[in-house]
Each structure stands twice: as structure tokens, then as C-alpha cells.
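Below is one structure, written out as C-alpha cells; the observations come after it.
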Amino acid sequence: MGIHKIEDCAARRQFSGTVLLTDQQNNIIWNAAYGYSNRADCIDNQTDTRFGIASGCKLFTAIAVCQLIEQGKLALGSKLSECLAVPLPNFSPEITVLHLLSHCSGVPDYFDEETMDDFEDLWKTLPMYTLRSGKDFLPLFQNERMKFQPGERFHYNNAGYVLLGLIVEQHTGMRFGDYVEQFVFKPSGMQNSGYFPLDRLPDNTAYGYIEEEDGGWRTNQYAIPVQGYADGGAFVTAPDMALLWKALLSYTLLSPAMTGQLLDLHTYDPDSEQHYGLGVWITKKHGEVSKYHVMGYDPGVNFRSAYYPAIGHTLVVASNGSGGAFEMMQMIEEELMK
């Protein structure tokens, strides 16, 4: 592994964040932090700093839902209309939990990446500081019309995961973030991760930064929902994320059969040429799975993490800027696959 290339990439990209690479025995190959967690006070990022991971935590949501399926409270084939008591007047009655998990439900999204470019446009009509629960997201999409019929095609969808979070809450009687922290994070050993509101961040948490065209910067405090939910917004440390992969793949969180369902190829995104399981992206090369991975992009947040089954390595790249994680992952992968 060309460690100097990681350093060169970090310097060239002015990367702000952390990189953790572990081998099959969970030994650390590389673990380093770059840039500031707090630019105003020149506080450095640490290897155990908490970072926002945006949509990287859709995997946590999928695990939570699969746990409820194993408990007999739901099934992949359960109809949305039967397992969620929320008015959705224009939604198809044929939408299932599987459709929502695999991004082929056709429900209208509150941030539609096919038609919208600027995430911050959402808060012109609905202030971001009002979004503190899953139900607070509903006015953004619940009365809109379907984009297509369930199962028709893949379309990455945040609103679908909001609905999954509401399903978890209805069937457990717990706040979504509390459920994940107790039944996903805790059994994984993820002691430093959680769904923290932006206005009450704990210590050793990186602020997200947005670069301005004039060379200045600002925090993302007014650019993303104040409280993360089932579609994104948890904060994790790189070591905790590595523990999540370990727990998932050692069947600590789900049975072998359910884990297999989660990691199966359910849908395909022709735009990215990637397969999708339940909450996880899947890359195939030469007919074999080369990596399972998650990613997250928000203003001031950039995250990538993957498990490479052929070599047993785990990679976590977390950034508190709007870019850099993809390029860092790509460079590391080129070195790993030599």
C-alpha cells in the first residue's frame, strides 16, 4: 500500500477529514486525520473525531427494518399502507417495504436528484431548524404524486427512507435515532456515534464546511436538517464505522439468512452502473462482488465506506467538506487492487 500516495492525495485535494483502512484481521493498515474539525478555532481533526455521514447511514435504517422483519413485525412484502398509519393520498397501494429499501418505490422525493441541484433550496419555504422528527419531513412530499409505478425502475429516494424510519417508530414505539443507537450501534460497539442535532453537537465532532466562490467558507448549520433521520444525518467515527461492517458481516446484527437478503442484488442503477441491496451499494467486476459500500453527500459532508470481500479490507473515508472522499477512496482502491 503506497502510504505516501494517501498523503499526497490529502495535500493535493486539501482534504479535511479522516481515513481508516483495516485488513481481514481488523489490523490497522492506515489511520490518519487531516484538516480542522473547527476552522475558526484551528482545532485539528482527530482519528476518532465524529463526522456527519449524510446518506451513508441508510445502511443503519435497512438493518433496523430487517431486524423488525426477523422479529415478525414486518415482511419485505408488507404494503406501506398496511404498516404505516400516515395519510399518503396519492401513493400507490402496491408500495412494499422492499420497494422502499431498494429505491424502486416510485414515491415522490423531497430532494429529487433528477430535477434539483441545490439542497439548500429546500429551506426557502420550510426552515431547516423545524425538521427535528420524521413527521416534520412529511409536508415536503406526502401530498405529491407518484413518479412511477412501484418496481418499475431504480430511483434513489430519500423520502422512501423517511417512510422507513416512521415504520420503525410505529412498530417499536421508540424514536428512530434511539432505536438505531440501542439496537444497531450498541451491539456493534459503536460507542461514539449517534443522531446528534446540529445545535447540540457533542465534543470532538467536526463542523461541516461549505466553500464559497470567493474563497471563503461557512458552516453547514443552515444548509441541512437540524436533526438527522432515517434517510441521513447520523454522526460516526471512522473506527465505529469499521465496527459496523464487522458486526454486520459476523452476523451480530442480523441472522446469516437476513444478512444475505440485505447484501443481495435487488436493483440496478444504470446511471452509476451499480447494483443496490438493502441500504447498501454493490459493485460487481468480472461477475463477482468486488465491494459493498455506502456513500453520503450533503453540503459540508462527504463520506465513503466500503468492505472488499475478496481481500477482507474495510475502508472509511469521512470528510467535513463537500468533497474529497470519492477521490481518496478511488486512489486507495487503485493501490489495493494492484
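Side chains are part of it too, since the values below use all heavy atoms of this structure and drop only hydrogens, waters and symmetry mates. Just so we're clear, the structure is a prediction, and the values are computed from it rather than from any experiment.
For Asn45 and Ser16, the side-chain atoms include at least one donor-acceptor pair closer than 3.5 Å.
A salt bridge links Glu335 to Lys5: at least one charged side-chain nitrogen sits closer than 4.0 Å to a carboxylate oxygen. At a threshold of 4.0 Å, the pair Glu212-Arg218 counts as salt-bridged, since one of the basic side-chain nitrogens sits closer than that to a carboxylate oxygen. Salt bridge Glu333/Lys291: present, at least one basic N to carboxylate O contact under 4.0 Å.
In terms of the salt bridge (charged side-chain N to carboxylate O under 4.0 Å, His left out) criterion, Lys73 has no residue partners (sequence neighbours excluded). Remark: Asp214 pairs with no residue by the salt bridge (charged side-chain N to carboxylate O under 4.0 Å, His left out) rule, at least two apart or across chains. Listed by chain and number, the residues in a side-chain contact (heavy atoms from CB on, under 4.5 Å) with Arg145 are Asn90 (sequence neighbours excluded).
Sorted by first and then second residue, the ring pair (Phe, Tyr, Trp, His ring centres under 6.0 Å) pairs with a member in residues 49-93 read Phe60-Phe185; sequence neighbours excluded. For residues 299-315, no residue pair satisfies the salt bridge (Lys or Arg N to Asp or Glu O under 4.0 Å) rule, not counting sequence neighbours. Residues in residues 25-54 take part in these salt bridge (Lys or Arg N to Asp or Glu O under 4.0 Å) pairs, two or more places apart or across chains: Arg39-Glu211, Arg50-Asp203.
Of the listed residues (Trp281, Phe154, Tyr268, Tyr292), just one forms a ring-ring contact (aromatic ring centres under 6.0 Å, His included) with His275, and that residue is Tyr268.
In this structure, the side chains of Leu244 and Val184 come closer than 4.5 Å at one or more pairs of heavy atoms.
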